[in-house]
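Here the structure is a predicted model, which means the values were calculated and not measured. Order of the sequence lines sets the chain letters (A, B, ...), proteins ahead of strands, with each chain counted from 1.
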Amino acid sequence: MSHGYVAVQWTRRKLIYDGILLGSVSAYLLLFMAISHWWAAAANVPLESDGVAIRAYGSAAYILLHLTLSIGPLARLNPLFHTLLFNRRHMGVMVFVVGFLHVNGWHLPMEPWSWFGQKAPELPWSFHGALNWYNDFGNRDPLVSLFTSNRHFNNFELFPFELLGVVGLAVLFVMAVTSHDFWLTNLTAPVWKAIHMAVYVGYAALVGHVCLGALQSNQSPWLAALVLAGLFWLLSIHLISGWREWAIDGHPLAVETSGWVDLGPIDAIADGRAKVVVLAGERVAVFRRGAEVFALSNVCQHQNGPLGEGQIVNGCVVCPWHGYEYRLETGASPPPFTECVPTFPVELHQGRVRLGLPPRQPQQT
Amino acid sequence: MISSRRQAHRWLISVLAVLLPWMVVSAVVQRPDIPPASGGSSFLFSRADLTDADAQGRLLSQFSWTAQGTQLKGQVEASSSGRGHQLRVFPEGQLNVADPLLYWTPTTTNPVERQKAQVVGSIAGSGPHLYRLPELVSNALRSAQPGRLLLVNPLNQSVISTLKLRPVPTTMNQP
């Protein structure tokens with residue numbers, strides 16, 4: 001049975017998050033265009049407002065994509081970034097929307113300004129996107145022109161970089177339309193996460209789009225330096241956070257003949273927190289609450305977030321990503337929620353924590 | 001399941017960590033000193049004054065120009081606004097050189113000195129192109145020495161092909 005669609009349930013936190021996001025993007029776009037026009041006027045250089053808008057939206061989407069892709073590894077490295085993580089999907093959708101406007105442009109009516117006797121500002125309330133601006137001067141349909149005009153696939157300098165942008169935007173589109181929890185629930189978290197890993201393919205295509213496009217026509221060393229810095233930043237934090245994760249996976253525990261695994265003294269686990277270990281190929285979060293210990297799967301059922309990095313609130317583990325809760329004893333979410341995670345046998349033996357197999361099937365109480 | 005996904009993530013990031021820096025550095029190192037022109041190049045458009053070109057000009061002369069096996073049909077038109085001349089070029093196929101530039105030169109000697117030539121615009125993309133001709137070119141077209149059009153490879157600035165222009169009637173469109 002499929003899950004029904006429930007519209008986004010806005011909370012104060014989400015509204016603040018999205019408000020800051022929208023305000024920041026708008027401020028960037030307005031500043032980019034205003035400074036470009038001011039600079040051109042000062043240097044007495046003619047400037048096309050459409051071209052400036054295309055660059056403003058393109059660079060905004062590119063920067064925002066870097067920020068969006070940075071949140072995941074940063075949250076792995078420092079829990080402070082969980083604040084940004086909980087609504088990261090809205091940021092991803094914003095990347096697609098801004099990227100789409102870069103391609104398509106938009107047309108807002110200018111009449112409202114004239115109603116108040118005001119002249120419409122010079123900023124592009126209406127501008128042609130990159131598709132029309134660069135492909136609509138001929139007698140071919142812009143889309144046909146986009147896919148057929150440049151066939152220098154074997155030439156690095158003249159490569160049709162626009163097509164790489166098409167690939168990147170297509171990936172972002174898939175990410176955006178499947179970002180809602182409706183798809184997450186129906187596809188299941190593992191499938192959904194696997195699909196969304198394609199964002200790295202999209203990112204690679206967009207780096208190519210920028211390198212073979214903007215970096216070829218704009219010879220400024222600053223632009224090249226910024227593109228390189230963004231790339232190294234993103235790759236570095238992914239590799240650093242990845243190494244930490246891979247180091248954990250690289251030391252799986254072996255089950256002793258007694259059927260238990262010794263995890264060391266209970267004092268090694270901070271009260272109210274968890275120790276994450278790898279057992280039978282998956283991660284287990286062993287929580288301590290005073291003199292008691294509990295073991296649950298480390299994988300949240302919502303988005304597979306790391307439960308072992310969560311805190312204990314009212315007898316429940318709270319996932320640090322989106323706040324999903326699971327009871328320590330049973331692994332079941334408190335009613336009316338129905339999510340469950342497997343639990344593991346765990347005991348205290350002479351002051352040491354011992355973990356057992358097999359896991360208990362998740363069940364709602 | 002999730003550990004296999006972490007493994008896939010590890011491979012993906014490792015590949016990108018090699019591939020993407022190589023691509024960026026290669027793109028920067030190999031880019032030409034003179035960037036390939038595009039249809040949206042503001043510099044070329046402003047030089048060609050394209051934004052003021054009339055959609056409907058009055059035909060003054062026509063020419064057919066074969067460059068690297070591709071035929072370009074063109075015509076010189078009198079601007080209906082009386083601001084001189086405009087040039088319309090129709091490439092009948094895709095040129096072998098991407099984004100070639102169109103220059104005008106007053107010289108009629110060979111070899112052509114491209115350094116003395118003036119940019120008219122870019123023949124980037126497909127379809128017809130319309131260029132507002134600078135006053136210097138407009139005056140030359142009305143004289144006995146109308147000069148030549150040059151098709152230039154933007155990568156190495158080499159002249160691909162030249163076309164000797166014919167004078168246009170002087171009775172109309174005096175600025």
- Task: Supply the atom-to-atom distance B:His9 NE2 to A:Ser241 OG, rounded to the nearest 0.5 angstrom.
- Result: 6.5 Å
- Query: Taking A:Glu245 for the side chain and B:Arg6 for the main chain, is one N or O donor matched with an acceptor at less than 3.5 Å?
  - Reply: no
- Task: Between chain A and each of B:Ser26, B:Ala8, B:Ala27, count heavy-atom pairs under 4.5 Å; write down the option with the most.
- Result: B:Ala27
- Message: With a 4.5 angstrom heavy-atom cut-off, is it the side chain or the backbone of A:Leu231 that approaches chain B, or both, or neither?
- Response: side chain
- Counting heavy-atom pairs under 4.5 Å with chain B, the top scorer among A:Ala204, A:Pro221, A:Ala224, A:Ser236 is A:Ala204
Anything under 3.5 Å between a donor and an acceptor, one on a side chain of residues 12-21 of chain B, the other on a protein residue two or more places apart or in another chain? List them.
residue : atom : partner : partner atom : Å
B:Ser14 : OG   : B:Arg10 : O            : 2.7

- Query: Does A:Tyr203 have any side chain to side chain donor-acceptor pair (under 3.5 Å) partners at least two apart in sequence or in another chain, and if so, which?
  - Reply: A:His66
- Check whether A:Val207 gets within reach of chain B through its side chain, its backbone, both or neither, counting any heavy atom under 4.5 Å. both
